[in-house]
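Input: a single structure, listed below in C-alpha cells.
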Amino acid sequence: MSSADPRPVVPSDSSPGPAGSPLVETTGIEIIAESERTAKPHQLFWPWFAANVSVFGMSYGAYVLGFGISFWQAVVVAVIGVVVSFALCGLIAIAGKRGSAPTMVLSRAAFGVHGQKLPGIISWLTSIGWETSLAISAVLATATVFQALGLASGTTVLVIATLVIAAIIVTASVLGYHTIMRIQSVLTWATGAMTILFMVLTIPHIHLSAVTAIPGGNVQKMIGALVMVMTGFGLGWINIAADWSRYQRRSASDGAIIAWNTIGGSATPVILVVFGLLLAGSDADVMAKIGDDPVGTLVTLLPLWALIPFWIVAVLTLVSGAVNGIYSSGLTLLSLGIRIPRPAAAFVDGAILTAGTIWVVFFAGSFIGPFQSFLVTLGVPIASWAGILIADVLTRRTDYDEASLFDARGRYGAVDWTSIATLVVTSALGWGLVVNQYSDASYNDWQGYLIEPLGLGTFIDAPDGAYWDGPWAYSNLGVLLALVLSFAVAMVFRRPRIRQQEVGLSRRGR
C-alpha cells in the first residue's frame, strides 16, 4: 500500500481497534484514518504553548547566568536557543503530517523497522526522565506553598501531592489525544493569565542596576549556555514532535506546521527566561535556592493572597507538560514492540513516573544536579537522532509508504546501518566533548574523554574538588557536534537510499 491509499493501516505490532470512544483514545501507533485527520496547523499552537508556559521556564534565567555571562549575552542565548530548538521540532513535525503516525514509528524510515529500536529506547528514557522532573517540580512547589501559608507540611503533604499529581497526569495521558487537546486549549488561557499576573507582582523584585552590572563572559561560555537552553527546551521535546501533527490534513502546509510549532513552543519561554534573568540577576538568594526547588523559590516572591491561585496554575502547567510527555512515551513504548493497548502503555509509563517522583522527593539528596546532567547525557544521542531524521525529512520528495513502516521486508528494511553507525559514532564523539558539572551526579564523570586529547581543556584533580580548566571545557560542544555532524552525514550518504525508497510513491502535494 502506498501513501496515496486512503485506508488506515493497522499494523501487527500495535494495539488493535479504531480510534475508540470520544472519551478514551484507543488508537496506538497505527496509521490515522483519513476521516480522522481533520486538524489544522494553527491547532498545534495549543499543546505546545500549554506545555511550555510553565513558570519553570523562569528558573532557566538562573541556569543561564550560572555559566558566567552577562544579562545581554544571556538574552541573546535565550532567544536563539529557544526559537531555533522549537523550529527543529517543527521540521520533525512535518513527518507526522506526511505519515500520520507517531514520531518513533516515522523514524523507522530512516533507521529501519528494527533498527529504530535503538533510538526508540533512548527516546523513551528521555521522555520518562523529563516528565518525572516536571512532576517532581510540581510536588516540591506544593510543599513550599503550603509551608509559606502555615498549612500542613512535611511528609503527609508530600505524599498526598505526589499521589494527586501523578493521578492527574496518568488519567489525562490514558484518555488520550482528543482529551489532551481540549484540556490544553483551556489551560493555555488560564496559565497565560496567571503567568502575566506573576510577572506584574514580582516586578518590584527586579533591580536593573544589579542586573546590568553582571560581567560578561567569553564565547565559549555563551555556547555552553546556548546548548543548555536548546536541550532544555526544543531538543527536550523533539523526539515526540510528530505525535501532535499526525492528525493534520495531508494538504496542510509544511511551512505552517513549522511556524505554529515554533510559535506555540517558543512564544512564552523566551519571555519567561528573560524575566527569569531579571529576577535571578537582581537577587542572589533566588540564584542560590532556585536549583533545589525552581518553582517553589519563585512562588516565595509573591504576596500571601496570590499563593494559592498561582500554585494551582503553576502545578497545572507542569502537569500539562508531563501529560504531553507521558502520552508520547506510551506511543514510543508501543513502537518498541510492546503488545499492549495505548491506554495501558500510558498507564505503565505513568506508574514509572510516580515511582521516580517518590524516589527523588523522599530519598534522593538533590534534584537539579542529576537532572541537568541527565539532560546533557541523553541530549547527545537525541541530538544525533534529530540530525538524522531532519535530514531524512528534508531529503524526501514523497510521503511515506505507510505499510512499510510496519514491515521489515518493506522498502525501509529491517536496519539502516548508515543511520545506526552515524548515531553511534556521533554520540561517542559528542559524549567525549561534554562534561559532568555536578558533584551529585558523579556517575557521569566518564564523559569528556576527548577534551584533553584535543587540547580543549585540562582536568584538575584539586584537593577541594576536581574541575576542568580551559575555555571550551564547559561549553557542551558535544551536543551541537552530534546534531550538526549527523545531519551532514545523513544528507550526503543517505540520499541515494532515500531516492531508492521513493520509487513508485506519489509526490508530496498531490
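For the single chain, residues carry numbers from 1 onward in sequence order.
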Can you find a heavy atom in the side chain of [X] that is under 4.5 Å from one in the side chain of [Y]?
| X | Y | value |
| --- | --- | --- |
| Ile128 | Leu353 | no |
| Phe86 | Asn52 | yes |
| Val229 | Val82 | yes |
| Val79 | Val273 | no |
| Asn239 | Ser127 | yes |
| Leu235 | Val479 | yes |

With sequence neighbours left out, what residues match [X] under side chain to side chain contact (heavy atoms under 4.5 Å, CB included)?
| X | answer |
| --- | --- |
| Leu333 | Trp124, Ile338, Ala345, Val348, Asp349 |
| Val219 | Ile223 |
| Ala252 | Pro41, Lys97, Gln248, Ile257 |
| Thr202 | Phe198, His205, Phe275, Leu279, Leu301, Leu302 |

Quiz item: If you draw a 6.0 Å radius around CZ in Phe493, do more than 12 non-hydrogen atoms from other residues or ligands fall strictly inside?
Solution: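 Counting other residues, nucleotides and ligands, CZ of Phe493 stays at 12 neighbours or fewer.
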
Quiz item: Do the two ring centres, one from Trp260 and one from Trp48, sit under 6.0 Å apart?
Solution: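 Between Trp260 and Trp48, the centre distance exceeds or equals 6.0 Å.
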
Practice problem: Would you check if the side chain of Thr332 reaches a backbone N or O of Ser328 as a donor-acceptor pair within less than 3.5 Å? | Solution: yes

Quiz item: About how many Å separate CD1 of Ile94 and OG of Ser253, when rounded to the nearest 0.5 Å?
Solution: 8.5 Å

Exercise. Sequence neighbours left out, what passes ring pair (Phe, Tyr, Trp, His ring centres under 6.0 Å) with Phe233? Give chain and number order.
Key: Tyr60

Quiz item: Who passes side chain to side chain donor-acceptor pair (under 3.5 Å) against Gln43, sequence neighbours left out?
Solution: none

Exercise. Would you kindly say whether Thr103 and Asp243 are connected by a side-chain donor-acceptor distance under 3.5 Å?
Key: yes

